[in-house]
Structure formats: C-alpha cells, structure tokens
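Numbers here are sequence positions counted from 1. As the structure lists them, so they are numbered: ligands from 1, and atoms in each ligand from 1.
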Amino acid sequence: MNKMLQCLPFNWIQEIVNIAAEWIVVVDRDGKVLYMNESYCKFVDRDPDEVIGMDVQDVIENSRMHFVAKTGQAEVAEIHPIKNTEMVANRYPLFIDNELVGAVGTVMFRNAQDWLEYSKKVEPLIEELNYYKKRFEKELVSKYSFSQLIGSTPSFHAAKQLAEKVSASSSAILLFGESGTGKELFAHAIHDASPRRLFPFVRVNCASIPEHLLESELFGYDEGAFTGAKRGGKKGKFEIANRGTIFLDEIGDMSLNMQSKLLRVLQEKEIERVGGNSPISIDVRVIAATHRNLEDMVVLKEFRQDLYYRLNVIKVDIPPLRERIQDIPLIANALLKKLERKFHRHGIQISNEVFQILKSHHWPGNVRELENVIERCVNVLTGNVITPEQLPLYLYENPSNKILLNHDPSHYIKSDLKLTKSLKELIEETERNAVIQALVEANGNKIEAAKLLDISKSTFYEKIKYYNIHRNEIDEFIKN
Ligand SMILES: Nc1ncnc2c1ncn2[C@@H]1O[C@H](COP(=O)(O)OP(=O)(O)O)[C@@H](O)[C@H]1O
Ligand SMILES: [Mg+2]
C-alpha cells in the first residue's frame with residue numbers, strides 16, 4: 001500500500017472519502033455491499049452496519065452496481081431514478097492487481113435540488129456557448145457583395161469586373177494589392193457571387209498563426225494525434241470550408257514547408273488530418289491574397305514556383321488608393337454613411353477643402369487608412385460639416401496640404417525643390433535614384449543594395465520592377 005495512506009488514521013480516510021465522494025458505495029463481484037458511507041445510508045434510510053453483506057439491489061433502488069461488478073464496464077454520469085427523484089451516478093469497476101473484485105459507486109448530485117442548483121450555474125454557460133457557436137457559424141458567410149466595392153477608376157473597375165466574371169468558376173484566385181486596398185472585401189464578394197455562397201466562407205490569416213499550429217489549423221487532427229488533442233479530433237479549416245470557399249490571407253507569409261503541403265491539397269483535392277491515416281476528399285475554392293510580390297519571392301526561392309502557378313490561375317490586381325484618387329469622394333461618402341449608422345448620426349457632410357486634402361495624400365494605408373481618418377473626423381465633429389480641423393494632425397499639418405489650405409505665400413515651405421512636379425512624382429524620382437545608386441554602390445548585388453537602403457529583399461525587388469530598372473542601366477553606371 002502507498003506509504004502515505006498508511007500514515008492516515010482509518011477514521012481520517014473515512015472522512016476524506018465522505019468529503020471526496022459525498023455518497024459512496026462499494027460492492028463485491030456478487031453485488032453484495034462491502035461499504036456504504038453514512039450520508040448515503042441516511043438517504044436510503046438504512047443503518048451503515050445493517051447494509052454490509054446485503055444485496056445492493058435491496059439497499060439502493062434501481063441500482064446497477066451488480067452489473068458493473070460483473071461486466072467490468074464503467075457507467076459514468078448516468079441518470080439514476082430513486083425515491084421519486086433523480087441523481088447522477090458514476091459506477092466504476094474495481095480492479096485490484098488486475099483482477100475484477102467488485103465496483104465502486106459514487107453520486108454526483110444527490111437529488112433534483114442539487115441537480116437544479118448545478119444546472120442553474122451551467123445553463124448560462126451553455127447558452128453563452130450556443131451564442132458563440134451561432135455567431136461563429138454566422139461569421140462563416142460572406143459579409144460583402146460586389147455592390148459594396150466602391151470605385152469607378154478604370155483600373156479598379158477592371159479588377160472588380162474580372163473578379164465578378166470569374167466568381168462562378170472554381171479556379172483559384174490570387175488577389176494582389178497593398179494592405180488596406182480591399183483584398184478581403186473582394187474575397188467576400190467573390191464567394192457571395194458564386195454558387196458556393198450557401199456554403200461556408202472561411203478565412204485563414206497565414207501570417208498570424210504560428211508555423212507549428214498552421215497545419216492542424218488548416219487540415220485538422222485526429223484523436224490522439226498529440227498530447228492534448230481533443231477527443232474525436234478536430235476539423236481543419238479546409239474541412240469546415242467544404243463546398244464553400246477558403247480565403248488564405250497573407251499567403252506570402254506561409255513557410256515553404258506549409259506551401260508544399262498546401263500544393264498537395266490543391267493537386268489531390270483531398271486533405272489528411274494530422275495524425276490521421278485516411279485522406280478526406282474536399283471540394284473547396286481557394287482565394288489567396290498577398291501584398292507581397294510573389295514573383296520576386298519565387299526568384300528568391302522564398303515561394304514555391306509550382307504553388308505560385310497553381311494559385312495564380314486568375315490574378316486580380318487591386319490598385320492602391322493613390323492611383324485612384326478620383327474615387328476618394330465616392331469611397332469617403334460611402335464610408336461616412338457606414339459610420340453614420342454605426343454612431344447613430346445623420347446628415348454629416350465633408351467640405352471641399354477636406355476632399356482636396358484627402359485627394360493630395362499618399363495613402364500608404366489605402367482605404368483602411370481613409371476609413372480611420374473619417375471615423376476620427378466623425379468622432380470629434382460637433383456640427384454637421386467635416387472641415388480640415390477635424391482631420392488628424394498628420395494630414396492637417398502636411399506641408400503640401402498647407403499650400404492648399406492657405407494661399408498666403410509666406411506659408412509655403414522653403415526648400416531647394418522646384419515645385420514643378422507633383423509630390424508623388426518628386427518622391428518617386430528620388431526613390432528611383434536611390435535604388436539605382438544603391439545598386440551601383442553594391443556593384444549590382446541586389447541583396448547588398450537592399451541592405452544599404454535598409455529595406456527587405458522583396459521590397460527592393462518590388463521597387464526594381466516598379467521603376468523598371470534594367471541591368472544594363474546599372475552596368476553603364478558601374479562602368480563609368
Ligand atoms: N472599394 C472599397 N469600397 C469600400 N470600402 C472598402 C473598399 N476597399 C476597402 N474597403 C474597406 O477598407 C477596409 C480594409 O479592407 P480589407 O479588405 O480588409 O483590405 P486588405 O485585406 O487588402 O488589407 C475594410 O473596412 C473595407 O470595408
Ligand atoms: Mg487583409
């Protein structure tokens with residue numbers, strides 16, 4: 001026997017058992033009572049000494065202890081009708097030295113009152129759980145349609161038209177655009193316009209899930225796949241999205257290892273759960289999105305070429321906001337309407353001065369940034385017209401905007417720049433020169449050149465492509 005238990009006086013053990021199980025009964029293989037604690041005896045109106053050796057069925061109404069002592073099969077959390085009420089009984093076979101010697105019975109709730117008390121506490125939890133379950137299921141539908149994609153600039157219109165045209169097919173789609181340009185909105189709209197819209201739309205942010213969890217997140221796992229794996233296993237996002245659409249956001253951040261696994265799924269149209277041994281066939285439309293230049297990543301061996309081709313069947317390029325400034329009033333007004341509903345306001349207008357400032361901004365955060373700017377304005381606005389004063393300082397105090405705001409020449413900033421070109425042109429010209437200079441200084445070595453400018457390799461490649469900088473141009477400089 002465990003040495004520790006030996007140190008415990010017998011009456012202590014008795015009391016501990018009382019506290020631990022509240023009601024407890026022990027029977028031998030023939031179902032004869034060996035032990036039954038005082039409170040249980042009291043409940044069935046018996047004397048603790050009297051019950052020893054009695055048939056358990058004669059002591060406890062509807063008892064099944066004698067079965068368990070015979071079959072060796074536990075019965076857990078069984079509803080046990082007794083004395084016109086119900087209790088929850090656990091019955092465990094008792095094995096000593098691998099031999100079935102009897103059974104132990106415990107009672108979790110001693111009567112309907114206890115049970116009620118318990119369910120009163122559990123019920124709100126279950127309700128809450130159901131609420132979140134429902135909400136989760138609701139979230140699996142697309143929330144936006146093409147009509148909510150605002151913009152009429154030709155490049156944006158073309159992207160929208162292409163996406164709309166291909167929504168009915170099952171081919172993979174690659175959405176490419178800077179952060180905040182509406183990639184997720186496009187993905188929702190495509191699903192919504194597809195015959196799959198009655199099935200789930202499932203989004204996975206490949207950048208936010210740690211590498212070691214992504215596989216089970218995408219493909220699920222089988223019971224016992226690893227310690228702590230849930231009983232019955234867990235469905236992965238691909239299985240959940242079956243017959244619907246899976247949106248793989250930030251695909252450019254997926255590790256090469258996971259890329260290989262994803263490629264297999266796209267080719268075989270079946271998945272294998274982690275720790276599982278039979279493949280499960282799935283029918284899922286894949287929409288991937290990234291702000292990174294995958295072609296350059298392929299060159300740098302950071303993205304698998306074969307996967308790139310698989311995903312790139314249809315590529316939708318979403319232009320940044322700065323390339324569609326004509327759309328700004330339209331989008332700003334649509335966002336304003338949305339915010340009015342959110343804040344229970346109405347009749348808010350945006351002044352022309354503000355529109356001018358909005359149109360002259362570079363919008364690195366695209367529509368998301370515009371949305372934040374307008375939300376800020378609505379929040380600080382007391383009247384009904386948004387004027388420059390409500391804009392965040394970085395827009396309000398932007399020197400190029402000041403020129404627009406104040407026509408007094410003394411407010412113009414002094415600099416060597418000749419303002420014969422737009423700010424955008426000036427910035428781009430400087431940037432292009434910097435890229436060339438870095439390449440010349442690094443003797444044509446792009447990785448070195450990227451380091452000189454303190455930007456990532458892929459950003460550097462993007463810039464080379466954007467500014468159409470050719471090798472021979474650099475060679476000319478290096479020669480000179
Ligand atoms: N063309 C658009 N018209 C209206 N709202 C847009 C448009 N594009 C983006 N938005 C809004 O901007 C925010 C960012 O869009 P999102 O799709 O999350 O961008 P991304 O996934 O490219 O970072 C969202 O709130 C979205 O509703
Ligand atoms: Mg996004």
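Ion pairing between a basic and an acidic side chain is recognised when a charged N comes within 4.0 Å of a carboxylate O; K457 and D296 show no such pairing. Using a cut-off of 4.0 Å between Lys/Arg side-chain N and Asp/Glu carboxylate O, K451 and E448 are scored as salt-bridged. A salt bridge links R196 with D283: the closest approach of a Lys/Arg side-chain nitrogen to an acidic carboxylate oxygen falls below 4.0 angstrom.
Ligand 1 has an N or O atom lying under 3.5 Å from an N or O atom of R368, backbone or side chain. Annotation: E371 places an N or O atom under 3.5 Å from an N or O atom of ligand 1; distance criterion only. An N or O contact shorter than 3.5 Å is missing between L149 and ligand 1 by distance. The shortest N or O to N or O distance between K183 and ligand 1 is below 3.5 Å. In terms of N/O distances under 3.5 Å, ligand 1 is approached by I150. Between L335 and ligand 1, no N or O atom pair is found at a separation short of 3.5 Å.
The six-membered or imidazole ring of H361 lies near that of Y394, with a centre-to-centre distance under 6.0 Å.
Within the 4.5 Å cutoff, the side chain of I455 has heavy atoms near those of the L453 side chain. Using a 4.5 Å heavy-atom cutoff, the side chains of R304 and L256 are in contact.
The contact set between ligand 1 and E178, taken as ligand atoms under 4.0 Å from a residue heavy atom, comprises 22 (O). Set against the non-hydrogen atoms of K338, the atoms of ligand 1 under 4.0 Å away are 27 (O). Within ligand 1, the atoms closer than 4.0 Å to a non-hydrogen atom of L185 are 2 (C), 5 (N), 6 (C), 7 (C), 8 (N), 9 (C), 10 (N), 17 (O), 26 (C), 27 (O), numbered from 1 in the order shown. Residue-ligand proximity, S179 to ligand 1, at heavy-atom distances under 4.0 Å covers atoms 23 (O). Each of the atoms 3 (N), 4 (C) of ligand 1 lies under 4.0 Å from some heavy atom of Q148.
The proximity of F156 to ligand 1, defined as any non-hydrogen pair under 4.0 Å, is limited to the side chain.
In this view, E428 satisfies the salt bridge (Lys or Arg N to Asp or Glu O under 4.0 Å) rule with no residue, not counting sequence neighbours.
P319 and T181 get closest at one heavy-atom pair: O-CG2, 3.8 Å.
The protein heavy atom nearest to atom 21 (O) of ligand 1 is E184 N, 3.2 Å.
Proximity annotation for atom 11 (C) of ligand 1: of I331, D327, V367, V367 comes nearest, heavy atoms only. Closest heavy-atom approach to atom 15 (O) of ligand 1 within the set G177, G182, P320, G151: this belongs to G182.
Crowding of R345 atom CZ: a count of heavy atoms from other residues, nucleotides or ligands under 6.0 Å exceeding 12.
The closest approach between A334 and ligand 1 stays at or above 4.0 Å for every heavy atom of the residue.
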Using residues 330-338 as the side-chain source, report each donor-acceptor pair under 3.5 Å to any protein atom, sequence neighbours left out, with the distance given to one decimal.
{"residue": "N333", "atom": "ND2", "partner": "P329", "partner atom": "O", "Å": "3.3"}
{"residue": "K338", "atom": "NZ", "partner": "E371", "partner atom": "OE2", "Å": "3.0"}

